[in-house]
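Lettering of chains follows the sequences in order, A, B, ..., and the numbering in each one begins at 1.
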Amino acid sequence: NAGVTQTPKFRILKIGQSMTLQCAQDMNHNYMYWYRQDPGMGLKLIYYSVGAGITDKGEVPNGYNVSRSTTEDFPLRLELAAPSQTSVYFCASNPRGGGSNQPQHFGDGTRLSIL
Amino acid sequence: GENVEQHPSTLSVQEGDSAVIKCTYSDSASNYFPWYKQELGKRPQLIIDIRSNVGEKKDQRIAVTLNKTAKHFSLHITETQPEDSAVYFCAASTASKLTFGTGTRLQVTL
């Protein structure tokens, strides 16, 4: 009963490096989301997906890319890491067909520092 | 897009007292309003939610009220305990997306 699994838990990157944050869910949820949470702040939506092959931008998509080739996986890619991308990244998912009226289940987060 | 404002940003109460956190939203199409609790270094966890066809919902010491006309909703915690200390986020849902408030840091003192 894993729920939403994020890897890695922690990562330090140098400016200009790239990396992929992994997110997987085993609940057969159609909807998946990526948020970033800066220190002392709320969650801001980066990208979301309503099903395999479909992705859309959220509030703060610049500097990120996503893909959704399967229902289970929703990776987030940083191409050219910048210090402004230092944050905690959370992945979340919604049940099939629930859309916005169902609770989002969150992963444990990835703490990313860019130096 | 949707805009959610949350107040206060910090709240300190004595154990046993009540705590109230208030949120307002801008999009009248929003129809789902969850509340999340986040402990330090942990993920947000849903504690209660309310849908737009309901005015109030209660779960033990926690209750949420919704005023659609005024576009505001509130979280009420009664008989607060030290383990209630955390950051609480409200959110409003439009279509497929949630918009979060900026959070309230609740501290329950002995």
So for [X], is it side chain, backbone, both, or neither that comes closer than 4.5 Å to the heavy atoms of chain A?
X: B:Tyr36; answer: side chain
X: B:Pro44; answer: both
X: B:Gln38; answer: side chain

Checklist entry - Does the ring center of A:Phe74 lie less than 6.0 Å from the ring center of A:Tyr33? => result no
Next on the checklist: Is the distance between the ring centroids of B:Phe73 and B:Trp35 under 6.0 Å?
Outcome noted: yes
Checklist entry - Can you say whether A:Phe106 sits under 4.5 Å from chain B via the side chain, the backbone, both, or neither, judging by heavy atoms? => result both
Checklist outcome for this item: Under 4.5 Å to a heavy atom of chain B? For A:Leu43 that would be both
Assess, by modelled atom type and distance only, whether the side chains of [X] and [Y] contain a donor and an acceptor separated by less than 3.5 Å.
X: A:Ser87; Y: A:Gln37; result: no
X: A:Gln25; Y: A:Thr5; result: no
X: B:Tyr32; Y: B:Asp49; result: yes

